[in-house]
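Data block below; observations after.
The sequence lines fix the lettering, A, B, ..., with proteins before strands; numbering per chain opens at 1.
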2 protein chains.
Amino acid sequence: MLSDVMEDYLKAIYQLQRETDERIKTSAIAEELDVTSPTVTSMLDKLEDRGLVDREKYRGVTLTGEGETVALEVIRHHRLLEAYLTEHLDYDWAEVHEEADRLEHHISENFEARVADALDQPTVDPHGSPIPSADLEPPERPDGASVTEFDEGDVVIVEEVADRDAEVLSYLADHGVEPGVELEIMEVAPFGMVTARSSSHDDSVSLPESVAHHVRVAVPAELEQ
Amino acid sequence: MLSDVMEDYLKAIYQLQRETDERIKTSAIAEELDVTSPTVTSMLDKLEDRGLVDREKYRGVTLTGEGETVALEVIRHHRLLEAYLTEHLDYDWAEVHEEADRLEHHISENFEARVADALDQPTVDPHGSPIPSADLEPPERPDGASVTEFDEGDVVIVEEVADRDAEVLSYLADHGVEPGVELEIMEVAPFGMVTARSSSHDDSVSLPESVAHHVRVAVPAELEQ
DNA sequence: ATTTAGGGTTAGATGAGGCTAAAACAGGGT
DNA sequence: ACCCTGTTTTAGCCTCATCTAACCCTAAAT
Ligand SMILES: [Mn+2]
Ligand SMILES: [Mn+2]
Ligand SMILES: [Mn+2]
Ligand SMILES: [Mn+2]
């Protein structure tokens with residue numbers, strides 16, 4: 001069996017891989033998990049021994065198929081929990097992350113299945129992130145793109161708000177940036193700051209690049225094809 | 001903060017104390033938690049350092065007030081989880097224990113409160129065990145007594161079935177021994193085996209002492225006063 | 001081709017939580 | 001009073017996940 005710490009490493013590597021498509025460096029993992037580099041190195045040794053990562057010393061790691069499956073399993077647990085906590089236990093959008101981040105390592109497969117049943121097999125969590133299916137096949141890359149890649153005048157629909165910080169999420173909700181809402185892009189500054197107006201609010205919001213790049217949006221269906 | 005292992009020790013000591021009223025011996029804890037005596041000794045050192053147990057070397061421990069509060073906290077989590085899993089996630093009476101035994105260490109106070117709300121502040125779990133109140137005051141000793149203390153011909157109501165083994169619990173449910181049912185005692189053998197007939201079933205059940213002493217029953221209200 | 005800056009790995013320590021084997025103790029039997 | 005037996009504690013060791021300090025490698029700059 002894998003420890004919850006190992007699960008966190010695999011999840012972190014998976015998520016870093018989604019962003020870069022390159023081998024993941026020790027320092028990136030260290031920063032993500034808030035541990036020191038030597039700690040990461042020794043854990044990568046263990047994960048390599050167990051066949052969960054492919055490693056080239058000094059050049060970073062990638063997940064093996066098996067490692068990816070474990071990561072997807074943990075992410076499925078996490079996102080199902082987030083969905084369940086908001087739907088059935090009166091949690092707020094902004095506060096679910098921390099709870100799910102602990103519980104994801106401690107629920108049984110049975111619990112996972114009951115939660116999925118209670119939610120009628122959901123496919124996205126409250127932040128709009130896709131929930132991996134029960135078979136743990138690598139999911140398709142979702143459509144849309146970061147809001148930072150659009151231009152003044154574009155009208156888009158928010159698909160996902162992938163930030164994990166409760167205060168940032170509360171702020172976004174207060175300003176009408178949630179999955180499903182329509183945004184009109186007002187300005188994209190050279191340093192990545194995005195200013196937009198939400199269809200559900202009268203004023204506009206400005207998001208620094210660090211926040212904006214977690215907001216994935218898509219062009220509304222009518223404008224496609 | 002306390003580790004989940006420490007929480008398990010405190011819970012075990014609390015529960016052993018409920019049964020004996022004497023100082024709890026190293027070997028009793030070792031057996032309960034399935035570890036060796038030296039392991040228990042060293043953990044008792046740590047718990048004593050933190051003021052959670054009173055210790056006399058070679059003579060066992062008792063919980064301090066603070067230790068008892070922690071134990072009650074963990075037990076509250078456990079029993080709320082058992083109740084929630086059966087009420088809202090379609091778990092069976094018999095299978096909740098294992099899940100609750102892990103999760104009890106990993107839920108937040110917020111989660112505890114939401115679960116208690118969803119259940120409308122329950123006072124007993126599915127096995128009939130009392131759920132400690134949110135203020136964690138030591139609860140009253142529940143009324144009734146082990147079914148082994150009754151005699152042929154007595155008619156009693158099952159108050160609690162405190163066994164933790166899923167197979168034993170399934171067996172008991174199959175034979176009509178659950179909280180709320182009426183039992184007529186048919187025989188109490190000298191070695192503690194109890195034979196009884198459940199009001200909800202036609203045949204009778206025989207329970208060895210080891211099982212029977214977990215079945216707490218009370219005389220029906222009409223016969224009291 | 002060297003240097004060098006920056007990140008990665010190795011070495012060694014720590015604190016939990018566990019083990020086995022050996023020593024020390026409590027309490028009952030003579 | 002002494003001994004015996006069974007339990008508890010001590011001593012010493014292990015693994016896991018973490019750290020700091022020291023050393024080493026890669027890749028870019030000269
Ligand atoms: Mn999350
Ligand atoms: Mn799963
Ligand atoms: Mn239980
Ligand atoms: Mn609590």
Side-chain angles (χ1 to χ4, degrees), chain A residues 1-14 16-17 19-63 67 70-71 74 101-102 104-106, chain B residues 1-14 16-17 19-63 67 70-71 74 101-102 104-106:
Chain A
M1 271 302 86
L2 298 177
S3 68
D4 52 350
V5 174
M6 282 178 170
E7 290 181 349
D8 278 333
Y9 277 81
L10 294 170
K11 188 174 78 158
I13 296 166
Y14 179 89
L16 290 166
Q17 257 177 206
E19 285 169 18
T20 70
D21 277 348
E22 287 164 20
R23 306 187 74 83
I24 305 307
K25 308 260 205 46
T26 299
S27 53
I29 301 168
E31 187 174 359
E32 179 75 15
L33 296 177
D34 201 26
V35 294
T36 59
S37 312
T39 302
V40 174
T41 298
S42 77
M43 180 57 81
L44 294 179
D45 274 343
K46 286 174 213 157
L47 295 175
E48 189 183 26
D49 287 348
R50 296 190 187 220
L52 297 166
V53 300
D54 273 329
R55 187 148 176 252
E56 270 183 71
K57 284 223 162 143
Y58 294 99
R59 286 150 191 274
V61 291
T62 56
L63 292 177
V70 174
V74 178
D101 230 18
R102 257 177 302 109
E104 63 190 4
H105 308 292
H106 303 291
Chain B
M1 270 304 84
L2 296 178
S3 68
D4 51 351
V5 174
M6 282 178 169
E7 290 182 349
D8 277 333
Y9 277 81
L10 295 170
K11 188 174 77 156
I13 295 166
Y14 180 89
L16 291 165
Q17 255 175 210
E19 287 169 18
T20 71
D21 276 348
E22 287 164 20
R23 305 187 74 82
I24 305 307
K25 308 259 207 47
T26 300
S27 53
I29 301 168
E31 187 174 358
E32 179 76 14
L33 296 177
D34 202 26
V35 294
T36 59
S37 309
T39 301
V40 174
T41 297
S42 77
M43 180 56 81
L44 293 178
D45 275 344
K46 286 175 213 157
L47 295 175
E48 190 183 25
D49 286 348
R50 296 192 186 220
L52 298 165
V53 300
D54 274 328
R55 187 147 175 252
E56 269 183 71
K57 284 228 163 138
Y58 295 101
R59 289 153 191 271
V61 290
T62 56
L63 293 177
V70 174
V74 178
D101 230 17
R102 257 177 301 110
E104 64 190 4
H105 308 292
H106 303 291

- prompt: Is A:D34 atom CG crowded by more than 12 heavy atoms from other residues, nucleotides or ligands, each under 6.0 Å away?
  reply: no

Provide the closest heavy-atom pair for [X] versus [Y] in the form atom of the first, atom of the second, distance.
{"X": "A:Q17", "Y": "A:T62", "value": "OE1-CA, 3.1 Å"}
{"X": "A:E7", "Y": "A:H105", "value": "OE1-ND1, 2.6 Å"}
{"X": "A:L52", "Y": "A:V70", "value": "CD2-CG2, 4.3 Å"}

Grab the [atom1]-[atom2] distance between [X] and [N] for me, whole Å please.
{"X": "A:R50", "N": "D:dT15", "atom1": "CZ", "atom2": "P", "answer": "13 Å"}
{"X": "A:Y58", "N": "C:dT10", "atom1": "OH", "atom2": "C1'", "answer": "8 Å"}
{"X": "A:R23", "N": "D:dT26", "atom1": "CZ", "atom2": "P", "answer": "14 Å"}
{"X": "A:D49", "N": "D:dA17", "atom1": "CG", "atom2": "C1'", "answer": "15 Å"}
{"X": "B:D4", "N": "D:dA17", "atom1": "CG", "atom2": "P", "answer": "14 Å"}
{"X": "B:M6", "N": "C:dG18", "atom1": "CE", "atom2": "P", "answer": "10 Å"}
{"X": "B:M43", "N": "C:dG15", "atom1": "CE", "atom2": "C1'", "answer": "12 Å"}
{"X": "A:E7", "N": "D:dA17", "atom1": "CD", "atom2": "P", "answer": "11 Å"}

Would you tell me if any nitrogen or oxygen in the side chain of [X] comes within less than 4.0 Å of OP1 or OP2 on [N]?
{"X": "B:R59", "N": "C:dC25", "value": "no"}
{"X": "A:K57", "N": "C:dT10", "value": "yes"}
{"X": "A:Y9", "N": "D:dT18", "value": "yes"}
{"X": "A:K46", "N": "D:dA17", "value": "yes"}
{"X": "A:R55", "N": "C:dG8", "value": "no"}

task: Look at A:R23 together with A:D54 and state whether they make a salt bridge at an N to O cut-off of under 4.0 Å.
output: no

message: Could you check whether A:R102 pairs with A:D4 (Lys NZ or Arg NE/NH1/NH2 to Asp/Glu carboxylate O, under 4.0 Å)?
response: no

- prompt: Of the residues in residues 24-42 of chain A, which ones touch DNA chain D at a heavy-atom distance under 4.0 Å?
  reply: A:V35, A:T36, A:P38, A:T39, A:S42

Among A:L10, A:I29, A:V5, A:V35, side-chain contact (heavy atoms from CB on, under 4.5 Å) partner for A:M43: A:V5

